[in-house]
Amino acid sequence: QVQVVESGGGLVQAGGSLRLSCAASGSIFSIRTMTWHRQAPGKQRELVAVIDNTRITNYADSVKGRFTISIDHAKLTGYLQMNSLKPEDTAVYYCNVEGSTYYSDKGDYWGQGTQVTVSS
């Protein structure tokens with residue numbers, strides 16, 4: 001099995017920063033792609049940021065210039081650095097890891113989410 005655990009969420013004032021972590025463990029041994037998503041109450045899940053194992057990144061327009069996604073492959077851990085936070089960033093943030101396990105060449109796995117609340 002593969003476990004994906006997000007952490008680092010919390011309450012922050014507008015303009016502040018948070019760094020979310022996404023730790024993968026279990027049978028996974030390499031990450032090919034990591035994505036961060038968020039879901040605000042009553043709204044659909046939104047793709048926030050993408051990174052692949054060549055370090056190509058993409059961001060939602062709403063977070064470009066403010067968020068940075070990265071992966072430490074040796075640790076099987078990714079990060080989402082969030083700066084200049086806005087109240088509109090308030091959501092549960094989810095990490096999805098796509099990679100190889102001992103049993104499958106390619107699969108994707110979700111974390112449980114971490115709450116980010118930005119006050120104005």
Side-chain angles (χ1 to χ4, degrees):
Q1 61 180 1
V2 174
Q3 294 83 43
V4 176
V5 179
E6 303 99 332
S7 61
L11 175 64
V12 65
Q13 289 187 315
S17 298
L18 287 172
R19 189 176 79 154
L20 306 184
S21 297
C22 175
S25 61
S27 60
I28 191 167
F29 61 85
S30 67
I31 297 172
R32 295 180 185 180
T33 305
M34 178 176 287
T35 57
W36 284 93
H37 308 247
R38 65 188 182 187
Q39 188 164 23
K43 296 189 176 182
Q44 65 186 46
R45 191 167 296 187
E46 172 191 20
L47 178 64
V48 173
V50 180
I51 188 169
D52 69 13
N53 60 359
T54 71
R55 295 194 173 94
I56 295 173
T57 59
N58 287 104
Y59 300 91
D61 288 342
S62 59
V63 307
K64 283 182 179 177
R66 300 188 297 119
F67 290 12
T68 302
I69 187 171
S70 62
I71 296 177
D72 184 334
H73 287 281
K75 296 181 178 180
L76 292 173
T77 299
Y79 306 94
L80 185 68
Q81 178 67 46
M82 307 186 296
N83 299 324
S84 301
L85 283 162
K86 304 175 180 179
E88 307 93 90
D89 297 318
T90 295
V92 177
Y93 283 71
Y94 298 91
C95 177
N96 182 269
V97 173
E98 182 272 319
S100 298
T101 73
Y102 300 113
Y103 311 104
S104 177
D105 184 58
K106 191 174 183 180
D108 70 282
Y109 311 93
W110 288 94
Q112 83 291 342
T114 186
Q115 176 71 49
V116 172
T117 303
V118 184
S119 61
S120 59

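Quick caveat: nothing in here was measured; it's all calculated off a predicted structure. Index from 1, following the sequence. Basis for what follows: all heavy atoms, side chains included, without hydrogens, waters or symmetry-related copies.
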Pairwise distance OG(Ser17) to CZ(Arg66) - rounded to 0.5 angstrom: 10.0 Å

How many angstroms lie between atom CD of Glu98 and atom CE of Met34, to the nearest 0.5 angstrom? 11.0 Å

Indicate yes or no: at least one non-hydrogen side-chain atom of Gln1 is less than 4.5 angstrom from one of Gln3. yes

Measure across Ser119 and Pro87 and return the closest heavy-atom pair with its distance rounded to 0.1 Å. C-CG, 4.4 Å

Determine whether Val97 and Val2 satisfy the following criterion, side chain to side chain contact (heavy atoms under 4.5 Å, CB included), listing intermediate values before the conclusion. CA-CA 10 Å; Val97 173; Val2 174; 6.0 Å; no

So how far is it from Leu20 CG to Gln115 CD, rounded to the nearest 0.5 Å? 11.0 Å

On the 0 to 90° scale, with breaks at 30° and 60°, tag the Trp110-Tyr94 ring pair as parallel, tilted or perpendicular. perpendicular

Let me see the working for Ser100 and Arg32 under side chain to side chain contact (heavy atoms under 4.5 Å, CB included), right down to the final yes or no. CA-CA 8 Å; Ser100 298; Arg32 295 180 185 180; 2.8 Å; yes

Between Leu85 and Phe67, is there a side-chain heavy-atom distance shorter than 4.5 Å? yes

Tyr103 and Ser27 have their tightest heavy-atom pair at CE1-CB, 3.7 Å

Does some side-chain heavy atom of Leu18 sit less than 4.5 Å from a side-chain heavy atom of Val116? yes

Can you check whether Asp89 reaches Met82 side chain to side chain, under 4.5 Å on heavy atoms? no

Is there a donor-acceptor contact under 3.5 Å from the side chain of Glu6 to the main chain of Gly113? yes

Mind listing the closest non-hydrogen atom pair of Val118 and Thr90 along with its distance? N-OG1, 2.9 Å

Is there a donor-acceptor pair closer than 3.5 Å between any side-chain N or O of Ser84 and the backbone N or O of Gly15? no

Shortest non-hydrogen contact between Ile28 and Gly99, atoms and distance: CD1-CA, 4.3 Å

Between Arg38 and Val63, does the side chain to side chain contact (heavy atoms under 4.5 Å, CB included) criterion hold? Intermediate values first, please. CA-CA 12 Å; Arg38 65 188 182 187; Val63 307; 3.8 Å; yes

Taken to the nearest 0.5 Å, the spacing of Ile69 CD1 from Ile56 CD1 works out to 13.0 Å

Sub-3.5 Å donor-acceptor pair from the side chain of Thr57 to the main-chain atoms of Ile51, do we have one? no

Ser7 OG to Gln112 CD distance, which is reported to the nearest 0.5 Å: 8.5 Å

Verify the cluster assignment for Val5 and Val48: are they in a single hydrophobic cluster under the rule of side-chain heavy atoms below 4.5 Å apart? no

Scanning both residues in full, the closest heavy-atom pair of Gln81 with Asn83 reads NE2-OD1, 2.9 Å

Report yes or no: do Asp52 and Thr33 form a side-chain donor-acceptor pair below 3.5 Å? no

Kindly state each residue pair satisfying disulfide (SG to SG under 2.5 Å) with at least one member in residues 8-112, sequence neighbours excluded. Cys22-Cys95

Gap separating the OH atom of Tyr109 from the CG atom of Asn96, nearest 0.5 angstrom: 10.0 Å

Within-4.5 Å side-chain heavy-atom neighbours: Ile31 and Leu76: yes

Checking the side chain of Gln39 only, and the main-chain atoms of Ala91 only, is there a donor and an acceptor separated by less than 3.5 Å? no

Same apolar cluster: Val50 and Val4, side chain cutoff 4.5 Å: no

Step-by-step side chain to side chain contact (heavy atoms under 4.5 Å, CB included) determination, Asp72 to Tyr79: CA-CA 8 Å; Asp72 184 334; Tyr79 306 94; 4.2 Å; yes

Tell me, which pairs form a disulfide (SG to SG under 2.5 Å) where one or both residues lie in residues 50-90, sequence neighbours left out? none

